[in-house]
Amino acid sequence: MMQTHSRLMFVELFVTEVMKLAEKGASSSQIIPFITFVLGGPGSGKGTQCAKIADTFGFAHLSAGDLLRKEMSSDSVNGAMIRDAIKEGKIVPSKVTVSLLCEAIELSKNHKILIDGFPRSDENRISFERITGREPDMVIFFDCPEEEMVKRVLSRNQGRIDDNIETVKKRLKVFSKLNLPVVNYYSGRGKVHKINGVGTIEEVFEKVRPLFASLSRSLQDGS
Ligand SMILES: Nc1ncnc2c1ncn2[C@@H]1O[C@H](COP(=O)(O)OP(=O)(O)OP(=O)(O)O)[C@@H](O)[C@H]1O
Ligand SMILES: O=c1ccn([C@@H]2O[C@H](COP(=O)(O)O)[C@@H](O)[C@H]2O)c(=O)[nH]1
Ligand SMILES: [Mg+2]
């Protein structure tokens, strides 16, 4: 896991890069965005915490699951395939998700981006890195016990087709087998901040806040 010193170092490097580009007159869409992947099991609180980070620190919140659900509800050629994958807790092919994410990053015009719930597998990760030519600047991992995640998902009550015990069991298996290797990969690259996802929503946010507060300060003063 990343130490405070190295975290500040990469934040400063990013800020310096953005400031250089801004001085050269680059438009906001030309400035390389600061990308944070937000990972964790089903119901670990990714979406809830991303919404709070976005509100508090001005990040764009791009949820891969929400983008896929929107695509599923449209008349797109991939609609039925996405529905089947979500219902079964399986991972949608990378080219579909990466293309939706790239479009959303471009449209957001924000240079501080949270990508919630992606990459779900090493194959997703490699595809994103190959297509965009870059890695995330930071990865947040919400660590939460299975019983707590199941309890939260089953009481979510938002009409999601995957919020049922059969699908949650499948999603938990996919999480261990395919999602965790992504966390381990970025952990080996010193990019992961592991947050204990147990506690009230506010208590968890208080553990997240310092990471983004130091980043925002650096962005404001350009140091
Ligand atoms: N710290 C918390 N304590 C109690 N309930 C929480 C907490 N965080 C989130 N919840 C609730 O648990 C449910 C799942 O949270 P959320 O949707 O943020 O999880 P998620 O990680 O995005 O899950 P998924 O991967 O299924 O989209 C929601 O109903 C949310 O209100
Ligand atoms: O990158 C992704 C993200 C999501 N999926 C599919 O969607 C569901 C729900 O995702 P949430 O992030 O929990 O909203 C997930 O179980 C997958 O089936 C995906 O394939 N790829
Ligand atoms: Mg979510």
Side-chain angles (χ1 to χ4, degrees), residues 35 37-55 61-73 78-105 114-129 131-132 136 139-183 195-209:
I35 293 183
F37 286 160
V38 181
L39 303 176
S44 58
K46 302 180 293 297
T48 304
Q49 295 298 326
C50 280
K52 293 182 76 67
I53 299 162
D55 275 0
H61 172 197
L62 309 180
S63 155
D66 285 352
L67 291 169
L68 288 168
R69 282 183 283 276
K70 195 165 160 217
E71 188 71 1
M72 172 183 96
S73 307
N78 290 317
M81 177 274 291
I82 295 171
R83 174 177 295 275
D84 286 349
I86 292 180
K87 185 87 180 54
E88 291 304 314
K90 291 184 178 157
I91 299 173
V92 172
S94 298
K95 65 173 187 211
V96 174
T97 316
V98 173
S99 139
L100 289 171
L101 281 170
C102 286
E103 198 184 356
I105 291 170
L114 300 170
I115 299 189
D116 162 6
F118 177 94
R120 296 300 248 242
S121 65
D122 276 329
E123 200 259 328
N124 268 181
R125 172 182 67 72
I126 290 162
S127 173
F128 181 90
E129 292 183 353
I131 291 169
T132 63
V139 178
I140 311 274
F141 169 53
F142 289 105
D143 190 27
C144 199
E146 283 199 2
E147 314 81 75
E148 177 68 16
M149 294 197 279
V150 172
K151 191 175 85 188
R152 288 183 192 173
V153 165
L154 296 183
S155 50
R156 179 158 39 193
N157 222 5
Q158 287 175 1
R160 278 177 52 162
I161 56 171
D162 51 351
D163 280 354
N164 58 75
I165 189 65
E166 293 78 22
T167 312
V168 172
K169 281 185 185 161
K170 291 176 187 166
R171 293 182 68 200
L172 287 170
K173 284 196 182 134
V174 170
F175 170 66
S176 300
K177 194 170 167 208
L178 300 174
N179 301 179
L180 279 178
V182 177
V183 177
I195 305 280
N196 181 352
V198 179
T200 64
I201 291 170
E202 282 309 319
E203 282 166 351
V204 176
F205 186 58
E206 288 312 314
K207 298 176 211 168
V208 170
R209 188 195 289 277

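Note that the numbering runs from 1 along the sequence shown for the chain. Atoms within a ligand are numbered from 1 in the order they appear, just like the ligands themselves.
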Taking only residues two or more places apart in sequence or in another chain, which ones pass ring-ring contact (aromatic ring centres under 6.0 Å, His included) with Phe128?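 Per chain and number, Phe128 pairs via ring-ring contact (aromatic ring centres under 6.0 Å, His included) with Phe37, Phe118.
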Charged N to carboxylate O below 4.0 Å: is that the case for [X] and [Y]?
X: Lys207; Y: Glu203; answer: no
X: Lys52; Y: Asp55; answer: no
X: Asp116; Y: Lys46; answer: no
X: Asp84; Y: Lys87; answer: no

Nearest non-hydrogen partners of [X] and [Y], listed with the distance:
X: Ser94; Y: Glu123; result: OG-OE1, 2.8 Å
X: Ala104; Y: Leu67; result: CB-CD1, 4.0 Å
X: Gly199; Y: Arg152; result: O-NH2, 4.0 Å
X: Pro119; Y: Asn124; result: CB-CB, 3.5 Å
X: Leu39; Y: Gly117; result: CD2-C, 4.5 Å

Can you confirm whether the side chains of Thr167 and Asn164 place a donor and an acceptor under 3.5 Å from each other?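 Present: a donor and an acceptor within the cut-off.
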As an exercise, identify every atom of ligand 2 less than 4.0 angstrom from a heavy atom of [X].
X: Gly117; answer: 1 (O), 2 (C), 3 (C)
X: Arg69; answer: 9 (C), 14 (O)
X: Ile91; answer: 20 (O)
X: Val92; answer: 19 (C), 20 (O)
X: Leu68; answer: 2 (C), 3 (C), 4 (C), 5 (N), 6 (C), 19 (C), 20 (O), 21 (N)
X: Arg160; answer: 9 (C), 11 (P), 13 (O), 14 (O)
X: Ala64; answer: 1 (O), 2 (C), 3 (C)

Polar-atom distance check: Asp116 versus ligand 2, any N or O pair below 3.5 Å?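 By distance alone, the answer is no.
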Taking distance alone, with no angle check, do Arg171 and ligand 2 share an N/O pair under 3.5 Å? yes
Just to confirm my output: which protein heavy-atom neighbour is closest to [atom], and how far is it?
atom: atom 17 (C) of ligand 2; answer: Lys90 O, 3.3 Å
atom: atom 12 (O) of ligand 2; answer: Arg120 NH1, 2.9 Å
atom: atom 1 (O) of ligand 2; answer: Phe118 CD1, 3.2 Å

Exactly which residues line ligand 1, taking a heavy atom under 4.0 Å from it as the test? Gly41, Pro42, Gly43, Ser44, Gly45, Lys46, Gly47, Thr48, Arg152, Arg156, Arg160, Arg171, Gly199, Thr200, Ile201, Val204
Part of Asp162 with heavy atoms under 4.0 Å of ligand 2, whether side chain, backbone, both or neither: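 Side chain only.
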Measure Thr97 to ligand 2 on non-hydrogen atoms and call it side chain, backbone, both or neither using the 4.0 Å cut-off.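 Only the side chain of Thr97 comes within reach of ligand 2.
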Partners meeting side-chain hydrogen bond (donor to acceptor under 3.5 Å, both in side chains) with Lys151 (sequence neighbours left out):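 Residues passing side-chain hydrogen bond (donor to acceptor under 3.5 Å, both in side chains) with Lys151: Glu148.
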Hey, does Ala85 sit under 4.0 Å from ligand 2 if you only count heavy atoms? yes
Acceptor/donor pairs from residues 168-182 side chains to any protein atom, 3.5 angstrom cut, sequence neighbours excluded:
from   : atom 1 : to     : atom 2 : distance (Å)
Lys170 : NZ     : Glu88  : OE1    : 2.8
Ser176 : OG     : Leu172 : O      : 3.3
Asn179 : ND2    : Arg120 : O      : 2.6

Which is closest to atom 7 (O) of ligand 2 in terms of heavy atoms, Ile161, Ile86, Ile82?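 Minimum heavy-atom distance to atom 7 (O) of ligand 2 goes to Ile86.
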Does Arg69 have more than 12 heavy atoms from other residues, nucleotides or ligands lying within 6.0 Å of its CZ? yes
